[in-house]
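Here the structure comes first, spelled out in structure tokens, and everything after it is commentary.
By convention in this document, chain letters (A, B, ...) are assigned in the order of the sequence lines, proteins followed by strands, and residues within each chain are numbered from 1.
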Protein chains: 2
Amino acid sequence: MEKLRSDCPISCSLDIFGDKWSLLIIRDIMLRGKLSYSEFLESEEKIATNILVSRLKALEAANILLKQVSPANKSKFIYSLTEKGIDLLPIIIEMMDWGAKYNANCPRREVGKKIQKDKAGVIREYYKKLRKTTT
Amino acid sequence: MEKLRSDCPISCSLDIFGDKWSLLIIRDIMLRGKLSYSEFLESEEKIATNILVSRLKALEAANILLKQVSPANKSKFIYSLTEKGIDLLPIIIEMMDWGAKYNANCPRREVGKKIQKDKAGVIREYYKKLRKTTT
DNA sequence: TATCTTTACTTGCAAAATGCAATAACAAAG
DNA sequence: CTTTGTTATTGCATTTTGCAAGTAAAGATA
């Protein structure tokens, strides 16, 4: 593990995912059902391969992601969220809400609109879904 | 303004505060009542002066912070949160909760414990406090 | 069994951001 | 007009990011 800058929980969180890419990978898994390296590469933000690899390794090392051989295709890996990763859900949802609220370029789609009406409900719903899927 | 990587609200949020420092400045203002450049410099994470200046400028440009001459000391500036900045509160609180939950090195202090019991209440309480203070 | 495809990753290099130390600008106070 | 407090800049080494190309290995195809 790396050095912590302080024992402030916000600082500790940022030590792990305080960059422009880590939470986008989490988003892809959490909200878009993506599972594999090649699916992450396809996202519209166009992450570079070296950065993707380094983030996947860091998130796995932080026990946020679990990397396993795909049962369907043994030459493929699938990444899934651990409990610790699933617990990032409220942060993701809050960032989604804030980003949509203050950015005219970010139209609210289905989830975004549901969040406006019943944020807690959306979080509960996704928690349920994510915990079903995970080992 | 800079280029957006996509129109995803999470990505747009990360374009603004997706780094290791911006949210720590927000934290200092939001939860610790800090107001000025020199107070931010004192925080335990020891931000460098050039980075502090660049973040303050970026956050001001993003309309998250407001920079004003201090009424008490006219050679001093004070930074305050705009409505947009105040709305980062839920993200900060969620990151605080997650960081404390998964980091043994981060003891929960008063706020951290309150969050465990009544997160929504803590958010409401801080919203009230912050909106009072702000112009 | 050779070669093609898919999937995951590595490498090299330029550009940008960060970290650190020193110094500057400038208003207010004495 | 010198000192103090506050904010900001500069220079330089290190680290991270961005981009393009190449490598590796397991299956699938012929």
Side-chain angles (χ1 to χ4, degrees), chain A residues 1-6 11-12 14-26 28-29 33-62 65-80, chain B residues 1-6 11-26 28-29 32-62 65-80:
Chain A
M1 192 172 300
E2 325 79 49
K3 58 289 155 196
L4 298 178
R5 291 174 295 172
S6 78
S11 165
C12 289
L14 291 170
D15 284 336
I16 294 175
F17 56 75
D19 67 84
K20 296 216 186 307
W21 294 108
S22 297
L23 289 179
L24 292 185
I25 297 171
I26 306 292
D28 282 351
I29 302 177
K34 297 195 177 189
L35 297 171
S36 67
Y37 179 92
S38 44
E39 286 175 299
F40 304 142
L41 273 187
E42 285 165 8
S43 289
E44 67 266 40
E45 292 88 7
K46 296 297 168 213
I47 188 170
T49 61
N50 53 349
I51 297 176
L52 177 55
V53 169
S54 79
R55 287 306 177 284
L56 288 172
K57 280 181 182 162
L59 290 171
E60 196 192 354
L65 295 185
L66 182 66
K67 180 182 183 176
Q68 293 169 296
V69 173
S70 165
N73 175 348
K74 291 192 176 178
S75 72
K76 191 172 177 176
F77 293 106
I78 58 174
Y79 294 86
S80 57
Chain B
M1 191 170 302
E2 324 79 51
K3 58 289 155 194
L4 298 177
R5 292 175 294 172
S6 78
S11 165
C12 290
S13 296
L14 291 171
D15 284 336
I16 295 176
F17 56 75
D19 67 85
K20 296 217 186 308
W21 294 108
S22 298
L23 289 179
L24 292 185
I25 297 171
I26 306 293
D28 281 352
I29 303 177
R32 300 183 175 182
K34 296 194 178 189
L35 297 171
S36 68
Y37 179 92
S38 44
E39 287 175 298
F40 304 143
L41 273 188
E42 285 165 9
S43 290
E44 66 267 41
E45 292 88 8
K46 297 296 167 212
I47 188 170
T49 61
N50 53 348
I51 297 176
L52 177 55
V53 169
S54 80
R55 287 307 177 284
L56 288 173
K57 280 182 183 162
L59 291 171
E60 196 192 354
L65 295 185
L66 182 65
K67 179 181 183 177
Q68 292 169 296
V69 173
S70 165
N73 175 346
K74 290 190 175 177
S75 72
K76 191 172 177 176
F77 293 105
I78 57 174
Y79 294 88
S80 57

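- Protein chain A contacts DNA chain C over a range whose 5' and 3' limits, counting nucleotides with an atom under 4.0 angstrom from a non-hydrogen atom, are C:dT7 to C:dG12.
- Within the model, atoms CG of A:D28 and CG of A:L23 stand 11.0 Å from one another, a figure rounded to the nearest 0.5 Å.
- A salt bridge links B:D15 to B:R5: one of the charged nitrogens lies within less than 4.0 Å of a carboxylate oxygen.
- The cationic atom of A:K67 (NZ for Lys, CZ for Arg) lies less than 6.0 Å from the six-membered ring centre of A:F77 and within 45° of the ring axis.
- Note that the OH atom of B:Y79 and the CG atom of B:L35 stand 11.5 Å from one another [nearest 0.5 Å].
- A distance of 13.0 Å separates NZ of A:K20 from CD1 of A:I47, quoted to the nearest 0.5 Å.
- To the nearest angstrom, P of D:dT16 lies 13 Å from CH2 of B:W21.
- Side chains of B:D19 and B:S22: a donor on one and an acceptor on the other come within 3.5 Å.
- A distance of 8.5 Å separates CG in A:L24 from CD in A:E44, rounded to the nearest 0.5 Å.
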Nucleotide N/O to protein N/O under 3.5 Å, stretch nucleotides 25-30 of chain D:
none

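- A distance-only check finds no donor-acceptor pair linking the side chain of B:N50 to the backbone of B:V53 [under 3.5 Å].
- Using a 4.0 Å heavy-atom criterion, one finds that B:R55 contacts the sugar-phosphate atoms exclusively.
- Of the residues in residues 36-50 of chain B, those with a non-hydrogen atom less than 4.0 angstrom from any atom of DNA chain C are B:A48, B:T49, B:N50.
- When each of B:K20 and A:K76 is assigned the nucleotide of DNA chain C with its nearest heavy atom, A:K76 is the one assigned upstream, toward the 5' end.
- Donor-acceptor pairing under 3.5 Å is recorded for the side chains of A:S43 and A:K34.
- Interatomic distance, A:E45 CD to A:W21 CH2, rounded to the nearest 0.5 Å: 6.5 Å.
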